[in-house]
Asks: 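Here's a structure for you.
These numbers come from a predicted model, not from an experiment.
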Amino acid sequence: MSQPAGWIRHASGVPHLDGNGFLGPPEAGTMALLPAPCHCELSKLGLGSDREVELRTLQLPVDYREVKQRVTRIWEDLQPQLAVHVGLDATAKAIVLEQCGKNRGYRDADIRGFRPDRGVCLPHGPEVITSRVSMKTVSRRVAVEGVEVAFSRDAGRYVCDYTYYLSLHHGNGCAVLVHVPPLSRWLPASLLGKALQVIIQEMLEETEKARAQSLVCRKLNLGDSSQGEPIGGLLL
């Protein structure tokens, strides 16, 4: 089903990445959950940037109940600043960046034959939760030769979307979902791993900008620029 991998440290280590998984500082990681081929390639590649990051990969099963428990524990225990979820879409021809998670419509059974009650993720949750990361912006900026990157607002109502909604809920919007096509002659594991590496780097750039803007707004609202966090810190 799924099994955790070890940790890979880069420099002194700040963020981490998980396999349906995450990235961020050891005390507040970024999470990235990955299918097996992505898991292996990202473990080997790391993030390939000059950032001091710690990369951790893990996989989640296609199991609604298990996912609900694990995602809740991730946010309660690890409190990542950004969770990066990567799911396989057998029909996809491109890498798809999903902007939002939906609360209802989960009618298909998981690998254990289980379906969420009434097809709902969280009974009293909002219908839609949107990621704080602009997927449209990321999709426009990413350039990997031989790989198409698309933007979507409908993640498909299965375990990936269910996981994403839960993570957005627990993480106050600090999560992303990337759907990837199956490996093929035109998309070998090495190229998929490189594409995900570039996409995640761009997502980190977006979160840094969002955090800086948020801090500016907070300081303007408080009317005191001498207090609070410094602008420009890395948010994962």
Side-chain angles (χ1 to χ4, degrees), residues 1-5 16-24 29-39 42 56-92 95-133 135 151-182 196 199-200 203 236:
M1 295 264 295
S2 67
Q3 51 189 1
H16 32 272
L17 172 72
D18 247 29
N20 208 336
F22 67 79
L23 288 170
T30 302
M31 175 146 261
L33 310 181
L34 313 168
C38 309
H39 175 123
L42 277 174
R56 170 181 163 180
T57 63
L58 70 85
Q59 295 171 268
L60 292 183
V62 185
D63 182 322
Y64 290 112
R65 289 170 293 190
E66 182 71 15
V67 158
K68 196 165 200 173
Q69 291 175 4
R70 291 201 196 182
V71 170
T72 300
R73 287 201 305 267
I74 284 166
W75 284 103
E76 288 179 351
D77 299 342
L78 300 175
Q79 300 179 358
Q81 291 183 351
L82 178 67
V84 181
H85 302 271
V86 182
L88 179 66
D89 182 351
T91 65
I95 293 176
V96 181
L97 311 185
E98 306 287 357
Q99 186 62 63
C100 53
K102 308 291 177 61
N103 192 27
R104 298 177 184 275
Y106 298 97
R107 307 297 182 189
D108 293 328
D110 62 20
I111 58 171
R112 298 187 183 279
F114 176 80
R115 294 176 177 84
D117 186 35
R118 299 181 182 177
V120 176
C121 183
L122 294 175
H124 303 294
E127 291 301 305
V128 179
I129 305 179
T130 300
S131 173
R132 292 189 180 189
V133 177
M135 298 301 198
F151 161 81
S152 167
R153 296 189 64 87
D154 187 349
R157 308 307 192 289
Y158 194 45
V159 179
C160 286
D161 196 1
Y162 187 88
T163 302
Y164 190 28
Y165 182 89
L166 285 171
S167 195
L168 288 166
H169 170 76
H170 289 293
N172 194 27
C174 295
V176 295
L177 171 60
V178 180
H179 267 133
V180 299
L196 287 173
I199 288 167
I200 291 169
M203 288 174 172
L236 296 175

Asks: According to salt bridge (charged side-chain N to carboxylate O under 4.0 Å, His left out), who are the partners of Asp108, at least two apart in sequence or on a separate chain?
Replies: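 Listed in chain order: nothing, the list is empty.
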Asks: Identify the residue among Leu97, Leu82, Leu168 that makes a side-chain contact (heavy atoms from CB on, under 4.5 Å) with Ser131.
Replies: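 Option passing the side-chain contact (heavy atoms from CB on, under 4.5 Å) with Ser131: Leu168.
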Asks: How many angstroms lie between CG in Asp89 and OH in Tyr158, if you round to the nearest 0.5 Å?
Replies: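 With rounding to 0.5 Å, CG (Asp89) is 12.5 Å from OH (Tyr158).
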Asks: Which pair of non-hydrogen atoms, one from Met135 and one from Tyr164, has the smallest distance, and what is that distance?
Replies: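 Minimum heavy-atom separation between Met135 and Tyr164: CE-OH, 3.9 Å.
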Asks: Do the non-hydrogen side-chain atoms of Cys160 and His85 ever get within less than 4.5 Å of each other?
Replies: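 With C-beta onward as the side chain, the pair stays apart.
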Asks: Under 3.5 Å, is there a donor-acceptor pair linking the side chains of Ser152 and Asp154?
Replies: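 No, no side-chain donor-acceptor contact under 3.5 Å.
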Asks: Can you confirm whether Phe151 sits close enough to Val96 that some side-chain heavy atom of one is under 4.5 Å from a side-chain heavy atom of the other?
Replies: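 The answer is no, as the side chains (C-beta and beyond) never meet within the 4.5 Å cut-off.
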Asks: What distance separates Leu122 CG from His170 NE2, expressed to the nearest 0.5 Å?
Replies: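 Going from the CG atom of Leu122 to the NE2 atom of His170 covers 6.5 Å.
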Asks: Going from CD1 on Ile129 to CG on Asn103, what distance comes out if it is rounded to the nearest 0.5 angstrom?
Replies: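 Reported to 0.5 Å precision, the distance equals 7.5 Å.
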Asks: Report the distance from atom CH2 of Trp75 to atom OG of Ser167, rounding to the nearest 0.5 Å.
Replies: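 Nearest 0.5 Å value for the CH2-OG distance: 5.0 Å.
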Asks: Do the non-hydrogen side-chain atoms of Arg112 and Pro61 ever get within less than 4.5 Å of each other?
Replies: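 No, too far: nothing below the 4.5 Å cut-off.
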Asks: With Arg65 as the cation and Phe114 as the aromatic partner, state whether NZ or CZ is under 6.0 Å from the six-membered ring centre and within 45° of the axis.
Replies: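 Here Arg65 passes the 6.0 Å and 45° test against Phe114.
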Asks: Would you indicate whether the side-chain heavy atoms of Thr163 and Val71 approach each other to under 4.5 Å?
Replies: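 Side chain of Val71 against side chain of Thr163, heavy atoms only: contact under 4.5 Å found.
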Asks: Do Val178 and Glu98 have side-chain heavy atoms sitting under 4.5 Å apart?
Replies: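 Result no, sub-4.5 Å side-chain heavy-atom pair not found.
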Asks: Write down the atom of Val67, the atom of Tyr162, and the distance for their closest heavy-atom approach.
Replies: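 Minimum heavy-atom separation between Val67 and Tyr162: CG1-CD2, 4.4 Å.
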Asks: Closest approach of Arg157 and Gly105, non-hydrogen atoms and distance?
Replies: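 So the minimum-distance heavy-atom pair works out to CB-O, 3.4 Å.
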Asks: Quick one: CD1 on Ile199 to CD1 on Ile95, what's the gap to the nearest 0.5 Å?
Replies: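 These two atoms lie 4.0 Å from each other.
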Asks: I need the minimum non-hydrogen distance between Arg153 and Gln99, along with the two atoms involved.
Replies: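 Minimum heavy-atom separation between Arg153 and Gln99: NH1-CG, 3.4 Å.
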Asks: Answer yes when Glu127 and Arg104 have at least one side-chain N-carboxylate O distance shorter than 4.0 Å, and no when they do not.
Replies: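 Arg104 and Glu127: salt-bridged.
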